[in-house]
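Before any comments, here is the structure.
Note that ligands are numbered from 1 as they come in the structure, with each ligand's atoms numbered from 1 the same way.
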Amino acid sequence: MAQMTIDPQGEKIESFVLLSGHKIPAIGLGTWRAHNARDSVYTAIVEAGYRHVDTAAEYGVQDEVGHGIKAAIHAGVERSALFVTSKLWCCDLSRERVRPALMKTLNELQLGYLDLYLIHWPFRLKDGASRPPKAGEVSDFDWEGVWREMEKLVKDKLVRDIGVCNFTVKKLKKLLDIAQIMPSVCQMEMHPGWRNEKMLEACKKNNIHVTAYSPLGSREIDLIHHPVVERAAGKLNKTPGQVLVRWAIQRGTSTIPKSDLSERIKENIKVFSWEIPELDFQAICDVPDQMRVLDGEELFVNTSDGPYKSVADIWDHEI
Ligand code: NDP
Ligand code: 1BO
């Protein structure tokens with residue numbers, strides 16, 4: 001369950017405790033496809049009270065995110081009060097490229113350490129791979145070599161926690177068999193249109209915290225106007241966006257809604273002093289028609305050449 005804490009600036013925020021003992025704030029600002037990440041990050045931290053920012057090398061906005069964080073620190077927020085997540089991209093998924101990739105990310109973000117470094121997707125891509133990939137451009141990776149390097153980043157205090165994204169139960173088992181430092185976080189697509197209960201349960205069982213990405217359904221599905229969400233929002237006098245964010249937290253996950261708009265950035269974090277009542281929470285948990293928004297097809301599937309010839313292959317045929 002989330003815990004309410006007061007940060008050094010006196011802001012009330014909910015956080016979850018990770019396996020490492022570190023705290024992850026329940027809400028972070030997403031930055032994928034952000035148009036003006038510098039301003040969004042600054043607004044989120046300084047004006048809206050966010051303490052968690054999610055980014056990735058692949059998003060191409062780390063310089064801007066870094067400028068936003070720097071401006072927020074200049075405005076008086078302490079670095080130690082912030083939780084910054086970034087991700088290792090698939091082209092860097094080899095033993096020798098992990099550390100240089102992290103150093104590039106730290107340099108872009110103008111930071112001395114990351115709070116959390118995640119493997120973005122568990123597939124290796126060749127530099128310059130096409131979308132969808134051509135034959136030979138996508139492959140499995142050296143699990144033990146890469147994870148040992150991730151662990152060394154923790155030991156060298158360059159990152160405080162490590163974790164993964166877009167995993168399956170099968171892949172989690174494989175990682176746990178080799179991990180000397182456990183993944184603290186698994187970041188997965190999760191919203192009422194793709195609850196992904198199997199992974200949530202597997203993570204809970206292993207005390208791995210889950211961060212729910214695309215909590216509003218991303219740009220691809222309209223959960224904001226879903227009747228069950230709208231009904232709960234109407235009863236609570238909240239917005240559908242707030243209900244979706246609150247639902248994620250009540251499920252025990254942190255979550256990272258993205259917005260370019262300062263009003264929405266502020267709206268999406270006003271979810272700490274109320275709860276969705278059990279009946280409405282359950283109704284949202286029962287939304288039918290479950291479907292992934294981000295299935296990895298464009299990134300990793302080559303229908304004529306292996307190893308991933310279908311979306312089902314990407315997800316190890318787990319539903
Ligand atoms: P979200 O579910 O956060 O939805 C973002 C969309 O919702 C945007 O179009 C945004 O528009 C709109 N929006 C934001 N707030 C509101 C609101 N209150 N009411 C109505 N619409 C709203 O999608 P994302 O896919 O961006 O996921 C969030 C973050 O998760 C990403 O930005 C990224 O950081 C992370 N992520 C990680 C992945 C991984 O592989 N690990 C994969 C995908 C995402 P506008 O900007 O115009 O407000
Ligand atoms: C291509 C990256 C997907 C969002 O994390």
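Counting heavy atoms under 4.0 Å from ligand 1, residue Asn166 touches it through the side chain alone. Of the heavy atoms in Asn268, only side-chain atoms (C-beta onward) come closer than 4.0 Å to ligand 1. Under 4.0 angstrom from ligand 1, the non-hydrogen atoms of Leu294 all belong to its side chain. If you look at His191 next to ligand 1, there are no close heavy atoms at all, none under 4.0 Å.
Counting only N and O atoms by type, the side chains of Asp222 and His226 include no donor and acceptor under 3.5 Å apart. Defined by atom type and a distance below 3.5 Å, a donor-acceptor pair is present between the side-chain atoms of Thr211 and Ser254. Judged by distance alone, the side chains of Ser184 and Arg160 never bring a donor and an acceptor atom under 3.5 Å apart. Side-chain atoms of Ser262 and Glu47 include no donor-acceptor pair closer than 3.5 Å. For the residue pair Asn36/Asp39, the side-chain donor-acceptor check at 3.5 Å is satisfied.
Looking only at protein heavy atoms, the nearest one to atom 9 (O) of ligand 1 is Arg219 CG, 3.5 Å. Among all protein heavy atoms, the one lying closest to atom 41 (N) of ligand 1 is Gln187 OE1, 2.9 Å.
Side chains of Val245 and Pro257 form a contact here, defined as non-hydrogen atoms less than 4.5 Å apart. Using a 4.5 Å cut-off on side-chain heavy atoms (C-beta onward), His67 and Gln110 make contact. Between Ile265 and Ser40 the shortest side-chain heavy-atom distance falls below 4.5 Å.
For ligand 1, the atoms sitting less than 4.0 Å from at least one non-hydrogen atom of Cys165 are 41 (N), numbered in the order shown with element in parentheses.
If you check each of Pro257, Gly28, Ala56, Ser218 against atom 24 (P) of ligand 1, the one with the closest non-hydrogen atom is Ser218. Compare Asp54, Asp260, Ile119, Asp222 by their heavy atoms: the one nearest to atom 35 (C) of ligand 1 is in Asp54. Proximity annotation for atom 20 (C) of ligand 1: of Ile224, Ile256, Val293, Ile224 comes nearest, heavy atoms only. When Arg33, Glu267, Glu189, Arg264 are checked for heavy-atom proximity to atom 47 (O) of ligand 1, Arg264 turns out nearest. Relative to atom 4 (C) of ligand 2, the option among Tyr213, Tyr59, Trp121 with the closest non-hydrogen atom is Tyr59. Taking only non-hydrogen atoms, the option from Leu216, Val61, Ile265 nearest to atom 7 (O) of ligand 1 is Leu216.
Classified by interplanar angle (parallel below 30°, tilted 30° to 60°, perpendicular above 60°), the ring pair Trp121/Phe300 is tilted.
Looking at ligand 1, you won't find any N or O of Gly241 less than 3.5 Å from one of its N or O atoms.
The closest approach between a heavy atom of His120 and any atom of ligand 2 is below 4.0 Å.
Under the side chain to side chain contact (heavy atoms under 4.5 Å, CB included) rule, Val84 has a single partner from Leu109, Val65, Val41, which is Leu109.
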